[in-house]
2 protein chains.
Amino acid sequence: MKKAPTAPTTPVKIAYHHGDLRRSLLDAALGLVATHGVQGFTLREAARAANVSHNAPYRHFPSRTHLLIELAIEGQGHLLKALQSAVARSADHRERLVRLGIAYMEFAMAHAAHFRVMFSSDVARNRTGELKAAQDTTFRFFESELLSSEQAGLMHGGTVQQNALVGWSALHGAAMLVLDGVLDNTAVAARRKPREIAKVVIESLLTGILVR
Amino acid sequence: MKKAPTAPTTPVKIAYHHGDLRRSLLDAALGLVATHGVQGFTLREAARAANVSHNAPYRHFPSRTHLLIELAIEGQGHLLKALQSAVARSADHRERLVRLGIAYMEFAMAHAAHFRVMFSSDVARNRTGELKAAQDTTFRFFESELLSSEQAGLMHGGTVQQNALVGWSALHGAAMLVLDGVLDNTAVAARRKPREIAKVVIESLLTGILVR
DNA sequence: CAACGATGTTGACGCCGTCAACTTGTCGCG
DNA sequence: CGCGACAAGTTGACGGCGTCAACATCGTTG
């Protein structure tokens with residue numbers, strides 16, 4: 001009813017009925033989360049945005065929550081890539097750590113929808129093994145960066161794991177507080193850009209961790 | 001139909017029909033959030049728990065979100081009190097800061113439902129001035145504690161406001177990550193109690209901030 | 001070319017938040 | 001003492017939601 005039968009509009013690979021509904025739904029969901037928040041996201045609205053019936057999503061995701069979990073896994077992958085590439089351009093250990101912190105904060109701001117889904121509590125509550133694994137990988141990347149610094153003789157206190165915990169916590173907390181606007185009325189963060197907040201946080205952490 | 005007309009069961013103040021429905025609804029909501037999460041909380045279920053009709057809550061809260069906001073304000077008050085009383089029992093500045101950090105983490109664990117509501121994103125999205133003010137007060141308490149330490153000549157780097165930002169971020173991030181179970185698979189946090197995680201975080205922070 | 005499985009649709013169910021209209025109980029004022 | 005106003009609670013309705021079951025369609029594969 002929609003297309004000429006012998007010539008699909010998107011010529012390439014798989015195009016059963018829709019093209020790639022799974023991808024379209026994930027994209028639509030991301031947009032809806034960006035505008036309406038995680039709670040405001042609706043399966044039916046995502047289906048509408050993809051021009052399919054309200055039950056079509058169930059051919060690709062067992063439930064609304066599972067769609068969000070897929071988004072979260074995807075977001076973790078993007079975050080990991082962002083952190084890796086932020087670090088890649090420098091050989092100086094201290095600078096790598098600073099860039100790592102800034103990249104974390106900037107990812108949270110630039111991909112707020114993904115970030116919110118990744119750490120939304122109802123997703124956390126039904127977390128699958130795959131999502132846990134993705135989160136672990138991110139934490140291990142923090143650890144591996146700190147391990148490099150330690151092996152270079154730059155660390156002075158705490159184990160690598162402890163410092164990774166503190167570092168991740170501080171960056172994550174700052175990102176959350178900024179994202180939720182909790183810091184808007186405070187003197188420090190009022191006029192500062194997220195990038196500068198990240199710098200303050202990471203520099204302060206490094207002062208405590210690195211040798212002097 | 002329920003009570004003797006001249007002797008209300010709760011003798012003191014106001015007791016129109018129910019006693020104190022507003023309070024009952026807040027309590028019921030807190031319990032529901034604890035068991036079903038913020039998203040799983042339902043106005044109708046809270047009403048059922050309070051033995052009133054599904055529309056009775058609207059005589060006390062303009063919407064579901066506003067009930068949650070009231071819970072969040074209440075929680076901020078409790079958090080502030082917890083932080084204040086944790087600090088009160090010591091005169092040593094360093095110890096006060098350690099206790100402050102531990103109290104933050106322990107509040108998040110012991111009152112997880114309140115804490116989740118306080119920082120749930122849909123509440124943040126519709127935050128009222130009153131909630132903002134309550135959050136500001138908490139931040140200012142962090143600042144005032146650090147200010148005391150600085151005036152005692154204990155600080156060595158960063159402004160009070162910067163250090164308050166970093167400290168709150170780290171504690172908040174750690175609390176969030178623990179609460180969501182993100183750290184469960186990591187080596188540091190696997191077997192540790194929240195209290196010990198808080199210690200690791202706060203000690204590491206103090207190493208960077210305090211004079212040596 | 002026929003059958004099969006993956007993909008998408010229709011319709012229904014119960015629950016939800018919210019609005020409007022109604023009832024009931026309480027208190028202040030003449 | 002009575003009455004009227006107003007706060008508190010109820011009933012019923014509406015549309016939207018997530019999800020289930022049954023049905024329709026289409027590409028692929030034997």
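Numbered from 1 within each chain, the chains take letters A, B, ... in sequence-line order.
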query: Counting side-chain heavy atoms from C-beta on, which of C:dT18, D:dG9, D:dT19 comes nearest to B:Ala56?
result: D:dG9
task: Quick one: label A:Arg64 by what it contacts on the DNA or RNA (base, sugar-phosphate, nothing), any heavy atom closer than 4.0 Å.
output: sugar-phosphate
query: Does the side chain of B:Thr138 come under 3.5 Å of the side chain of B:Gln76 through a donor N or O and an acceptor N or O?
result: yes
- request: Calculate the interatomic distance between B:Arg44 atom CZ and D:dC14 atom P; express it in whole Å.
  value: 14 Å
query: In whole angstroms, how far is the C1' atom of C:dG14 from the CD atom of B:Glu45?
result: 14 Å
message: Need one value for A:Thr42: base, sugar-phosphate or nothing, where a base atom within 4.0 Å counts as base even if backbone is also close, heavy atoms only.
response: sugar-phosphate
statement: Atom CD of A:Gln39 and atom P of D:dG18 are separated, to the nearest Å, by 13 Å
- prompt: Between B:His172 and B:Trp168, what is the ring plane arrangement, given parallel below 30°, perpendicular above 60°, and tilted in between?
  reply: perpendicular
- prompt: Rounded to whole angstroms, how far apart are CZ on A:Arg59 and P on D:dA22?
  reply: 12 Å
- prompt: Is the phosphate of C:dC16, meaning OP1 or OP2, less than 4.0 Å from a side-chain N or O of B:Arg48?
  reply: yes
message: Name the residue from B:Gln84, B:Arg96, B:Arg99 that meets the side-chain hydrogen bond (donor to acceptor under 3.5 Å, both in side chains) definition with B:Glu145.
response: B:Arg96
message: What is the distance, to the nearest angstrom, from the NE2 atom on A:His60 to the P atom on D:dG18?
response: 17 Å
- prompt: Cut-off 3.5 Å, side chains only: do B:Ser63 and B:His66 have a donor facing an acceptor?
  reply: yes
field: Distance-only donor-acceptor check, side chains B:Ser53 and B:Asn55, under 3.5 Å
entry: no
query: In whole angstrom, what separates B:Asn55's CG from C:dT23's P?
result: 16 Å
task: Rounded to the nearest angstrom, tell me the gap between atom OH in B:Tyr58 and atom P in C:dA20.
output: 12 Å
task: Look at all strands and tell whether A:His54 reaches a base, only sugar-phosphate, or nothing, counting heavy atoms closer than 4.0 Å.
output: base
message: So if I take every side-chain heavy atom of A:Leu43 and compare against D:dG18, D:dT10, C:dG17, which nucleotide ends up nearest?
response: D:dG18
task: To the nearest Å, give me how far apart CZ (A:Phe61) and P (D:dG18) are.
output: 14 Å
